[in-house]
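Presented below is the structure to which this report refers.
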There are 2 protein chains.
Amino acid sequence: MTGINGYIRMSEIESFFKSAFSVDNVIFGFDGSDLKVLLIQRGAAPFKGKWALPGDLVYPNENLDTAAERVLEQLTGLRDVYLEQVKAFGAVNRHPLGRVITIAYYSLIKISDFLVTPASFAQSASWHAVSEVGELAFDHNEILDTCLKSLKRKVRRAPVGFELLPPKFTLTELQQLYEAILDDKLDKRNFRKKILSMNLLLDLNELQEGVAHRPAKLYQFDRDTYEAFVAKGFSFDL
Amino acid sequence: MTGINGYIRMSEIESFFKSAFSVDNVIFGFDGSDLKVLLIQRGAAPFKGKWALPGDLVYPNENLDTAAERVLEQLTGLRDVYLEQVKAFGAVNRHPLGRVITIAYYSLIKISDFLVTPASFAQSASWHAVSEVGELAFDHNEILDTCLKSLKRKVRRAPVGFELLPPKFTLTELQQLYEAILDDKLDKRNFRKKILSMNLLLDLNELQEGVAHRPAKLYQFDRDTYEAFVAKGFSFDL
DNA sequence: CGGACTTATTGTTAAAACAACACCAATTTA
DNA sequence: TAAATTGGTGTTGTTTTAACAATAAGTCCG
């Protein structure tokens, strides 16, 4: 159906409208060696003091995606960020204060863009290596797991990894990012061959600076070429 | 967050609890040549008379998956069926009578099992070829599209196609199923080679009966072997 | 019973993708 | 100028994929 289909009485309808929904956002970042997730420390019950995914109730006149964007912006000040809906979590008792289902999203942000923390509650937000996250509030461990699996799948089939890197990056940095996400070592020569053969990287003819060894060439993701390829049925595959 | 995090007033909380959620279920079947979807004709406003996906509001103390199973069982009488959550749809105005977000699922059933229609509203349910579905109620065309895309992806990476076939089937039937889902012709020899090399089919040493031509061998999906493979990290890929 | 009809079954080959592997180059620093 | 560090590059054998067509086993009809 969806909804009110004539087979339930009006008095019953009201009891259905006693639920709420929220969005929770798994915000991923990459610091050069680890895949990280942005968590907040809860300042109020329930689960006061526990680490949790940033999230909020969805306003009555707000679209789900908009709510997820709002949560992200309130916490990081960032807009126009890569955002993907993953799954709804709706176990009856997942929220101690009532029936709340939550729609899980993940975002990919450039960790270096996250300098200030505009929202009032943000002073208690911090990055945690995904591999070292402890017990979270609510069912947030399950949500994080699901989003991480979803990211692993996604990153092999669409060039979303670039969302986590600064605009200019080296091939080694890119490889380290993939290794962190996939939790697996990749062969350097094969990786470079494959990535470069896709023609999605623009060689900037610039070199790294300030490193104590041979500087690497800097590249930039060529979004225009990518979108032209996609339009023609090209599929990224790693 | 999830929920009530201390940054909104109680009076505001109540207004959040004026929303409802539903599940909608894209029930796929296969009739030997077309991929089909089970639709119901709405008997009440809104969208009275329009075809729609079967769905219902989620009971206050009911899990999402359970609700999707219930919708399926009420319509078809079937239980223990392949069911997958796909996405939440929550545009503010998607439901004319209030804020209702819906969680979309798809199910895969053996069309031959669907003989009787126990639910009272089921007399108006019928199978429609996916390629010929017209305009549906609500945002159900979008939901159907999304579920179909999800099925196409899934069917290449996990052996779920078997859920749509009777227990005994021929390789040609299996191939036709894949062709219907993927909307693409496959090479017969390559298809058979690939499928058989996975060792997921049990040769029953039986032949088709009642066909006006050379009868084909019958096979059965070997779920035990599949699960043993999965446990060892094997991945189905078509 | 034989020929026409229909679908089932099977193998080869060339091209592409993949996996495994090691050495020299460029820069900084001591 | 030598040591340390990371950057960059090719080849080969193996596997996978894609393209392609002839024979086999039954049924049906005359």
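Numbers restart at 1 for each chain; the letters A, B, ... are given by sequence-line order, proteins then strands. Side chains are part of it too, since the values below use all heavy atoms of this structure and drop only hydrogens, waters and symmetry mates.
Here A:Glu163 pairs with A:Arg223 in a salt bridge; the nearest charged N to carboxylate O distance falls below 4.0 Å. Salt-bridge annotation for A:Lys154 and A:Glu84: present, with a side-chain N of the basic residue lying under 4.0 Å from a carboxylate O of the acidic one. Residues A:Glu206 and A:Lys217 are not paired through a salt bridge, judged by the lack of any N-O separation under 4.0 Å between the basic side chain and the carboxylate.
Atom CG of residue B:Leu108 and atom CG of residue B:Leu164 lie 4.5 Å apart, to the nearest 0.5 angstrom. Remark: B:Met198 CE to B:Thr225 OG1 distance equals 13.5 Å, nearest 0.5 Å.
Remark: C1' of D:dT9 and CG of A:Leu196 are 11 Å apart, rounded to the nearest angstrom. Summarising the geometry, the separation between NZ on B:Lys185 and C1' on D:dA19 is reported as 16 Å, rounded to the nearest angstrom. When rounded to the nearest whole Å, the span between CG of A:Leu238 and P of C:dA19 equals 10 Å. Between the CD1 atom of B:Ile195 and the P atom of C:dT9 there is a distance of 14 Å, given to the nearest Å. Rounding to whole angstrom units, CZ of residue B:Phe191 and P of C:dA8 are separated by 13 Å. Nucleotide D:dG26 holds its C1' atom 15 Å from the NZ atom of B:Lys217, rounded to whole Å. Counting to the nearest Å, the P atom of C:dA16 and the CG atom of A:Asp237 are 18 Å from each other. Going from atom CZ of B:Arg192 over to atom P of C:dT7 covers 13 Å, rounded to whole Å.
Summary of helix geometry: the two end axes of the helix from C:dC1-D:dG30 to C:dA30-D:dT1, each defined by five base pairs via their C1' atoms, are inclined to each other by 0° (rounded to 10°).
Remark: A:Thr172 in residues 171-178 of chain A come within less than 4.0 Å of DNA chain D through at least one heavy atom.
For A:Arg157, the salt bridge (Lys or Arg N to Asp or Glu O under 4.0 Å) criterion is met by A:Asp237, not counting sequence neighbours. Partners of A:Ser131 according to the side-chain hydrogen bond (donor to acceptor under 3.5 Å, both in side chains) rule, which considers only residues two or more places apart in sequence or in another chain, do not exist here. Considering only residues two or more places apart in sequence or on other chains, B:Asn199 meets the side-chain contact (heavy atoms from CB on, under 4.5 Å) condition with B:Phe229.
A cation-pi contact links B:Lys87 to B:Phe89, judged by a cut-off of 6.0 Å to the six-membered ring centre and 45° from its axis.
OP1 or OP2 of C:dC18 sits under 4.0 Å from a side-chain N or O of A:Lys194.
The aromatic rings of B:Phe236 and B:Tyr178 lie parallel to each other, their planes meeting at an angle below 30°, with 60° marking the opposite boundary.
Taking the centre of each ring, A:Phe162 and A:Phe169 come in below the 6.0 Å mark.
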Checklist outcome for this item: Nucleotide by nucleotide, nucleotides 21-30 of chain C touches protein heavy atoms under 4.0 Å in the pattern (B base, S sugar-phosphate only, - none) BB--BBBS--
